[in-house]
*Asks:* 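I'd like to ask you about the structure that follows.
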Protein chains: 2
Amino acid sequence: MTRLADVARAAGVSMSTASRALSRPDLVASDTRMRVLDAVQRLGFQVNPAARALTSGKTGLLAMCVPTLSNPYFAPIIAGAQQTAEAADRHLTVVVTEGSARREAEVLARVSRQVDGFIIVAPRGGDADLLEFGATTPAVIAERVVPGLASVVIDTPAGLRDLMNVLKADGHRRIAYLSGPAGSWMDALRCDALRDSLGDGGELSVIGPLPPTFRAGVEAVEEILERRATAVVAYNSLLAVGAVYQLRNVGVRVPDDVSVASADDLAALGLGAPEITTLHFDPAALGAAGVDMLVQLIDGREPEVPHVRIPAHLRVRSSEGWAAAEG
Amino acid sequence: MTRLADVARAAGVSMSTASRALSRPDLVASDTRMRVLDAVQRLGFQVNPAARALTSGKTGLLAMCVPTLSNPYFAPIIAGAQQTAEAADRHLTVVVTEGSARREAEVLARVSRQVDGFIIVAPRGGDADLLEFGATTPAVIAERVVPGLASVVIDTPAGLRDLMNVLKADGHRRIAYLSGPAGSWMDALRCDALRDSLGDGGELSVIGPLPPTFRAGVEAVEEILERRATAVVAYNSLLAVGAVYQLRNVGVRVPDDVSVASADDLAALGLGAPEITTLHFDPAALGAAGVDMLVQLIDGREPEVPHVRIPAHLRVRSSEGWAAAEG
DNA sequence: TTGTACGCGTTATCAC
DNA sequence: GTGATAACGCGTACAA
């Protein structure tokens with residue numbers, strides 16, 4: 001493998017000059033820089049990341065910590081993050097916590113020596129633990145707000161308030177919420193937004209906590225019918241699709257008998273049914289913003305916006321309609 | 001951060017001894033080793049991966065290359081791989097190629113300096129490219145066989161032959177195959193297995209290539225009905241569930257009018273409907289086997305078994321039944 | 001603007 | 001079984 005020393009020799013300069021030409025181009029005369037860059041091209045030189053890491057203390061690796069990959073929700077977030085990381089000449093590594101606070105802590109400790117910083121998505125650990133961790137390692141929180149740490153979230157609650165207004169206007173009073181995974185910070189927020197927004201004029205039945213899966217949606221139908229809800233809001237698309245699947249399976253019409261909506265939108269992944277009312281947003285932007293903030297933290301610049309909020313827009317489709325007359 | 005030098009001093013030994021006590025414990029006297037390990041504990045020493053990488057040439061990082069994370073199929077494979085990597089005291093990083101051969105090549109080149117080797121899952125590149133790559137870097141291929149490279153696959157074709165026998169026994173003659181992503185090596189293999197196994201007594205309609213999503217399953221129903229198939233075999237569970245969803249939605253009964261089965265089993269992820277006939281296998285074992293083989297390659301030992309095949313078992317459930325009488 | 005010299009923390013190669 | 005010592009490849013004071 002060709003080393004920087006080879007480049008320096010080929011370009012007829014010292015190693016330090018060659019090094020500077022790459023890392024601080026503005027500090028070297030333009031013709032010198034060109035000779036170096038030229039030699040780099042010719043020899044196909046690539047820095048040895050280990051050597052760079054040893055002197056600079058930075059590995060060029062960022063870690064994104066997600067609860068699971070079974071939920072495809074995280075796929076476009078990761079894609080956005082990986083793309084942004086590459087643009088910043090870094091590599092993003094994904095680590096999975098399986099939704100357990102203990103495993104989350106283990107994993108963070110395990111890789112913290114290998115990476116420059118973390119984007120922790122929907123963390124399960126307590127605020128105190130996260131703050132302590134963030135004090136020693138650059139970290140950005142996603143899909144949760146921890147006071148004192150940089151964070152980026154989707155503004156689902158605002159979208160859910162819009163949705164609830166539509167449901168109310170359509171005459172819905174008995175609404176079921178298919179809630180998300182136990183311990184999800186976002187789930188609690190969504191539930192509160194729905195309850196506040198529904199107000200005293202209606203009744204919100206919370207079903208769950210539920211795993212955010214198609215099958216859980218299927219299995220929730222029994223309880224939905226028991227509660228005599230005329231509208232269902234699901235934590236995610238898979239739950240919504242599962243519910244519609246099973247509702248039709250048992251002869252309940254959607255939306256004639258029961259309206260269904262989802263708080264996220266996996267339709268872009270082909271995992272939502274085309275007719276289901278959802279909240280739409282740009283998950284890649286979440287990942288990208290997380291990486292941008294993290295890179296700023298690592299480089300020692302304070303991020304300009306320590307808390308980023310990404311908007312969610314209501315898309316009303318045919319799975320939502322007027323409330324059925326009371327049975 | 002405490003360095004090995006600190007440990008050596010605390011234990012009253014030289015650095016080289018301290019180093020050996022950690023990397024080749026059998027080469028140091030047991031009491032010396034204990035003193036060193038004790039100091040390691042007390043001081044909370046952790047090796048600096050960059051320094052280790054600089055001298056040893058090994059980073060302790062393995063890369064698993066997957067086409068996408070939108071398909072949750074890969075989640076348990078990755079989980080199994082990450083777990084096995086940790087057991088081997090390594091970290092597994094996931095890189096996504098978005099199913100493009102060009103991007104696959106870019107990505108491999110990009111991270112090849114940072115990792116000790118690759119597990120390339122369902123690669124899109126040509127055999128020649130992969131062989132060339134594998135010649136310079138330890139690599140294991142998963143979900144495809146490339147002669148000359150170590151590989152690990154699920155034996156879906158065998159399972160599909162079992163399935164086809166059941167379908168034939170139940171009187172099905174007109175069978176539709178919802179095929180997978182364009183360019184998928186596994187998809188071609190599955191299609192061939194079905195065709196061979198069906199033989200001349202029946203007709204196989206191939207619908208696709210299709211993205212392996214719920215929505216594509218929904219949209220394939222029109223063509224399924226056009227072809228007057230009495231049984232549908234889908235490339236994956238999401239396609240199967242989408243098809244069932246839409247079949248029922250348009251008044252076609254499952255399995256009375258049309259039987260449906262899937263060539264993989266996402267039920268464990270909650271992404272399959274509980275009643276759908278599937279092929280079941282252990283995806284974590286695929287990831288684990290891949291990592292095991294890769295670690296052997298990296299350590300310079302030839303893997304004992306260069307080609308691993310993981311069995312797939314047919315699970316007949318209520319989405320399959322006797323063929324409807326010809327309409 | 002450029003060159004010299006040293007340090008980063010660990011492993012490997014020798015001697016002992 | 002153990003201890004000096006020399007790499008590993010790059011960044012960066014500091015001096016020129």
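Naming: A, B, ... by sequence-line order, numbering from 1 per chain.
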*Asks:* For DNA chain C, which residues of residues 2-10 of chain B approach it to below 4.0 angstrom with any heavy atom?
*Replies:*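 Result for residues 2-10 of chain B: B:Arg3, B:Leu4, sorted by number.
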*Asks:* Just wondering, do B:Leu61 and A:Leu61 contact through their side chains at under 4.5 Å, heavy atoms?
*Replies:*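 Result yes, sub-4.5 Å side-chain heavy-atom pair found.
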*Asks:* To the nearest 10 degrees, what angle separates the axes at the start and end of the helix from C:dT1-D:dA16 to C:dC16-D:dG1, five pairs each?
*Replies:*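 That helix has its two terminal axes inclined by roughly 30°.
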*Asks:* Between which nucleotides of DNA chain C, read 5' to 3', does contact with chain B run, using atoms under 4.0 Å from its heavy atoms?
*Replies:*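 Taking any atom under 4.0 Å from a heavy atom of chain B, the span is C:dG9 to C:dA12.
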*Asks:* Judged by modelled atom types alone, do B:Ser16 and B:Ser19 share a side-chain donor-acceptor pair under 3.5 Å?
*Replies:*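 There is no such pair between these side chains.
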*Asks:* With a 4.0 Å heavy-atom cut-off, tell me which residues in residues 15-25 of chain B come close to DNA chain D, sorted by residue number.
*Replies:*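 Residues of residues 15-25 of chain B that come under 4.0 Å of DNA chain D are, in numerical order, B:Ser16, B:Thr17, B:Arg20.
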*Asks:* Are any non-hydrogen side-chain atoms of B:Asn48 and B:Met1 less than 4.5 angstrom apart?
*Replies:*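 No, too far: nothing below the 4.5 Å cut-off.
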*Asks:* More than 12 heavy atoms of other residues, nucleotides or ligands under 6.0 Å from CZ of A:Arg42: is that the case?
*Replies:*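 Check passes, neighbour count above 12.
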*Asks:* Considering non-hydrogen atoms only, spot the tightest contact between B:Pro67 and B:Phe74 and give its length.
*Replies:*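 Closest heavy-atom pair between B:Pro67 and B:Phe74: CD-CZ, 3.6 Å.
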*Asks:* Which pair of non-hydrogen atoms, one from B:Leu266 and one from B:Pro72, has the smallest distance, and what is that distance?
*Replies:*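 Distance-wise, the nearest heavy atoms are CD2-CG, 4.3 Å.
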*Asks:* Can you establish whether the number of heavy atoms outside B:Glu106 located under 6.0 Å from its atom CD is more than 12?
*Replies:*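 Enclosed: over 12 neighbouring heavy atoms sit under 6.0 Å from CD of B:Glu106.
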*Asks:* Might you confirm whether atom CZ of A:Arg102 has over 12 heavy atoms from other residues, nucleotides or ligands at distances under 6.0 Å?
*Replies:*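 No, because the 6.0 Å sphere around CZ of A:Arg102 holds 12 heavy atoms or fewer from other groups.
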*Asks:* To the nearest 0.5 angstrom, please state how far the CG atom of B:Leu149 sits from the CG atom of B:Leu131.
*Replies:*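 It is 4.5 Å, given to the nearest 0.5 Å.
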*Asks:* Just by distance, do the side chain of B:Ser184 and the backbone of B:Pro181 share a donor-acceptor pair under 3.5 Å?
*Replies:*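 No, because the side chain of B:Ser184 does not come within donor-acceptor range (under 3.5 Å) of the backbone of B:Pro181.
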*Asks:* Sort out for me which residue in B:Asp299, B:Leu62, B:Thr84 forms a side chain to side chain contact (heavy atoms under 4.5 Å, CB included) with B:Leu294.
*Replies:*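 By the side chain to side chain contact (heavy atoms under 4.5 Å, CB included) criterion, B:Leu294 pairs with just one of B:Asp299, B:Leu62, B:Thr84: B:Leu62.
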*Asks:* Kindly indicate whether the side chain of B:Val153, heavy atoms from C-beta on, has any atom under 4.5 Å from the side chain of B:Arg144.
*Replies:*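 The answer is no, as the side chains (C-beta and beyond) never meet within the 4.5 Å cut-off.
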*Asks:* Could you list where the contact with chain A starts and ends along DNA chain D, reading 5' to 3', using a 4.0 Å heavy-atom cut-off?
*Replies:*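 Terminal contacting nucleotides, 5' to 3': D:dG9 to D:dT12.
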*Asks:* If you pin B:Leu54 and B:Thr32 to their nearest nucleotides in DNA chain D, which one's is more 5'?
*Replies:*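 Mapping each residue to its closest nucleotide by heavy atoms, the 5'-most match is B:Thr32.
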*Asks:* Would you say CD of B:Gln83 has more than 12 non-hydrogen atoms from neighbouring residues, nucleotides or ligands within 6.0 angstrom?
*Replies:*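 No, CD of B:Gln83 has 12 or fewer neighbouring heavy atoms, counting only those of other groups under 6.0 Å.
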*Asks:* Measuring only between side-chain heavy atoms, which start at C-beta, is B:Asp116 closer than 4.5 Å to B:Pro138?
*Replies:*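 Of all side-chain heavy-atom pairs linking B:Pro138 with B:Asp116, none is under 4.5 Å.
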*Asks:* For residues 75-82 of chain A, which side-chain donor-acceptor pairs fall under 3.5 Å, sequence neighbours excluded?
*Replies:*
{"residue": "A:Gln82", "atom": "NE2", "partner": "A:Leu92", "partner atom": "O", "Å": "3.2"}
{"residue": "A:Gln82", "atom": "NE2", "partner": "B:Val94", "partner atom": "O", "Å": "3.0"}

